[in-house]
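Every number for a ligand or one of its atoms is a count from 1 in the order of the listing.
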Amino acid sequence: MQINVAQLLKEPVGAKRNYKVDEPAGENSDTQVAGYIDFTRTSLGILVTGKLTAQIKGLCSRCLCPAGTTIKFKMEDEFFPVIDINSGLHQEVAADELTIDQNHILDLDEAIRQYIIMATPTKLLCKPDCPGICPVCGQEFAKGDCKHRNKAYDHRWDKLVQLEKESKV
Ligand SMILES: [Zn+2]
Ligand SMILES: [Zn+2]
């Protein structure tokens with residue numbers, strides 16, 4: 001999401017813009033971001049605050065089926081222009097600060113990407129009670145049990161099954 005903030009930079013401190021967001025989190029992203037973002041002119045730059053949700057897509061960590069979840073996050077970041085809007089002169093901005101480029105474009109993609117990474121659970125599940133797959137034969141337990149999950153299954157065979165597995169690798 002790139003927004004030209006030239007006009008807002010010319011306005012007095014406290015001037016605001018509101019944006020409604022509903023778009024992918026950057027190019028080539030299959031994560032959809034939606035919500036509201038406010039831009040507020042500060043004395044040195046633009047403060048971006050937002051309440052957003054992101055639809056995360058991935059694979060279930062138990063059965064490897066497609067899985068997804070919705071995360072919510074708030075963003076609050078100040079962006080600083082590398083060019084003074086009135087004088088047109090280059091301005092020093094610390095290397096670790098978020099910047100507004102020489103064309104007065106404020107690019108939110110990287111900041112949003114970082115928020116999404118922080119808010120995304122490390123393990124996705126296709127459903128909360130996903131029973132997973134059999135570690136021996138790969139049977140999806142959601143579709144039925146395999147012989148390894150049979151209650152009568154004799155665990156004395158575990159070692160043999162393990163050997164069989166290793167020999168296939
Ligand atoms: Zn699953
Ligand atoms: Zn099995």
*Vertex the Zn ion (ligand 1): angle to SG of Cys60 and SG of Cys130, to 10°?*
110°
*asked:* So Asp107 and Asp101, do their side chains get closer than 4.5 Å, heavy atoms only?
replied: no
*With a 3.5 Å cut-off and no angle check, do the side chains of Asp22 and Gln32 form a donor-acceptor pair?*
yes
*asked:* The test is side chain to side chain donor-acceptor pair (under 3.5 Å); show your working for Gln55 and Thr31 and say whether it passes.
replied: CA-CA 5 Å; Gln55 306 276 350; Thr31 300; over 6 Å; no
*Using the Zn ion (ligand 2) as the apex, give the angle to atoms ND1 (His148) and SG (Cys134), rounded to 10 degrees.*
110°
*Within the side chain of Arg41, is there an N or O that forms a donor-acceptor pair under 3.5 Å with the backbone of Gly14?*
no
*asked:* Using the Zn ion (ligand 1) as the vertex, how large is the angle between SG of Cys126 and SG of Cys63, rounded to 10 degrees?
replied: 110°
